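The block underneath contains the structure these notes are about, expressed in structure tokens.
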Amino acid sequence: MSPGDPANLTAAELDAADPLATLRDEFEFPDGIYLVGNSLGAMPKAVRQLVNTELDRWGTLGVEGHFSEQTPWKDYHELVTTPLANLVGGRPSEVVAMNALTVNLHLLMVSFYRPTPERHKILIESHAFPSDHFAAESQIRQRGFDPESSLVLVAPRDGEETLNPDDILAAIAEHGDELAMVMLPGVQYYTGQVLPMAAITKAGHDVGAMVGFDLAHGVGNIELQLHDWDVDFAAWCSYKYLNAGPGAVAGAFVHERHVNDQSLPKLVGWWGTNPATRFEMATTFDPIPTVESWQMSNAPILPLAALRASFDIIERAGGISAMRAKSERQVAFLDRRLDETLGDRVNNITPTAMHERGCQFALRVTAGDGKRVFSELEAAHVLCDWREPDVIRVAPVPLYNSFADIDRFVEIFDGIVT
Ligand SMILES: *Cc1c(COP(=O)(O)O)cnc(C)c1O
């Protein structure tokens with residue numbers, strides 16, 4: 001048996017052979033089959049303890065918590081730097097946990113979208129997550145340009161569901177000298193398609209554009225090598241595959257070659273200035289020579305504590321490569337079970353090639369009313385989500401979903417789609 005090939009094995013056999021199986025016990029779940037980690041990851045039990053530790057320190061130390069000997073709050077954000085760097089394939093100087101995702105996209109666009117009358121376009125996808133679309137559009141307006149002429153949308157071909165990577169590369173080449181920035185998802189939120197980030201980055205750089213990625217659905221799901229791919233910037237949230245809870249503290253990546261570039265425009269605050277002199281309260285900005293110079297405010301300790309709880313589990317899993325190895329087995333298993341059972345009634349619009357997908361499936365019911373099927377899945381305690389116009393998203397997450405979850409989901413689904 002090759003571990004990558006679950007052909008013919010049962011869910012029980014696959015669970016028995018799964019080295020990550022016991023990590024499921026580290027999480028709390030609502031009743032039912034939790035397949036919606038693409039939207040909100042399940043709660044690590046240790047979150048309570050880590051958050052309580054900080055609450056206790058607040059209660060007993062008060063303001064001294066900022067400067068206490070152990071894990072002082074003024075440096076607390078640094079506790080997640082190495083785990084974040086490992087997850088996204090970045091150097092410690094390139095990653096920081098701060099703010100929320102859309103906020104970080106804006107802050108990074110302030111630095112990396114520098115339009116001129118000749119070069120003013122931003123390329124995004126036509127079906128971008130609305131927040132990303134709004135952010136790009138508003139940045140264009142803010143600089144005195146018009147989305148009508150400055151926003152370039154790449155779309156799937158007629159009759160196709162996913163973007164053709166060749167079309168993205170061709171659009172980048174076509175807009176060439178007029179293209180200031182490319183901002184695309186690493187993993188598309190609707191279809192689950194993984195885009196070729198290294199090739200897109202190279203194509204953008206070839207025409208002189210900056211290239212950034214929204215990794216909301218990429219981080220904690222697929223392997224990333226942002227530094228080696230030469231990506232200029234990236235941002236992500238931590239409440240999906242990083243299981244850090246609703247409204248979790250987001251993350252940002254800026255490539256090493258930019259982190260100490262004082263010519264970049266930047267919105268700054270006191271948390272971006274040299275920590276050694278920060279509390280002297282001088283008004284001369286002395287930027288930290290890392291991505292931390294983009295930090296504006298003091299860090300949110302309770303959400304960071306939750307993120308640390310999640311990183312403890314990821315580390316015990318053996319990191320993203322071990323998670324992805326299991327994820328590929330789960331994806332292959334769900335592919336097979338859907339094929340055997342529902343092949344004639346359900347269509348997965350997610351790409352079939354493993355390198356073009358993460359753990360999320362975008363299922364379209366071809367026999368009957370998809371929205372009704374979704375409601376019945378909910379009633380049967382299958383937690384998944386509906387995305388307009390017509391897709392049911394399900395995501396087996398390797399840290400906490402079992403092969404039995406997948407099997408049971410397919411059985412229930414089969415009973416509903418008639
Ligand atoms: C989840 C998601 C968001 C959400 O943005 P927030 O700023 O975290 O509210 C934005 N963009 C994409 C692509 C997402 O998947």
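What you see is a predicted model, and the numbers here were worked out from it, not measured in a lab. We count ligands from 1, going down the list as the structure has it; atoms in each ligand are counted the same way. Counting from 1, the numbers follow the sequence of the chain as shown.
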What protein heavy atom is closest to [atom], reported as residue, atom name and distance in Å?
atom                    : answer
atom 8 (O) of ligand 1  : Y239 OH, 2.5 Å
atom 15 (O) of ligand 1 : K240 NZ, 2.5 Å
atom 12 (C) of ligand 1 : F129 CG, 3.4 Å

Going by ring-ring contact (aromatic ring centres under 6.0 Å, His included), name the pairs with one or both residues in residues 119-142, residues two or more places apart or in two chains. H120-F145, H127-Y189, H127-Y190, F129-Y189
Identify, by atom number and element, the atoms of ligand 1 in contact range of [X], meaning under 4.0 Å from any of its heavy atoms.
X    : answer
A216 : 2 (C), 12 (C), 14 (C), 15 (O)
T102 : 5 (O), 6 (P), 7 (O)
H217 : 15 (O)
D214 : 11 (N), 12 (C), 13 (C)

salt_bridge(E376, K371) N-O dist < 4.0 Å: no
In Å and rounded to the nearest 0.5 Å, what is the CZ to CZ distance from F413 to F374? 11.0 Å
For R48, I'd like to know if atom CZ has over 12 heavy atoms of other residues, nucleotides or ligands within 6.0 Å. no
At a non-hydrogen distance cut-off of under 4.0 Å, which region of L101 contacts ligand 1 (side chain, backbone, both, or neither)? both
Record the part of D132 in heavy-atom contact with ligand 1 below 4.0 Å; permitted values are side chain, backbone, both and neither. side chain
Any N or O of Y189 that comes nearer than 3.5 Å to an N or O of ligand 1? no
Between T366 (side chain only) and N347 (backbone N and O only), is there a donor and an acceptor less than 3.5 Å apart? no
Step by step, would you call Y400 with F29 a ring pair (Phe, Tyr, Trp, His ring centres under 6.0 Å)? CA-CA 10 Å; Y400 51 76; F29 303 95; 5.5 Å; yes
Test D167 against R157 for salt bridge (Lys or Arg N to Asp or Glu O under 4.0 Å), laying out the working first. CA-CA 9 Å; D167 294 351; R157 294 182 186 179; 2.7 Å; yes
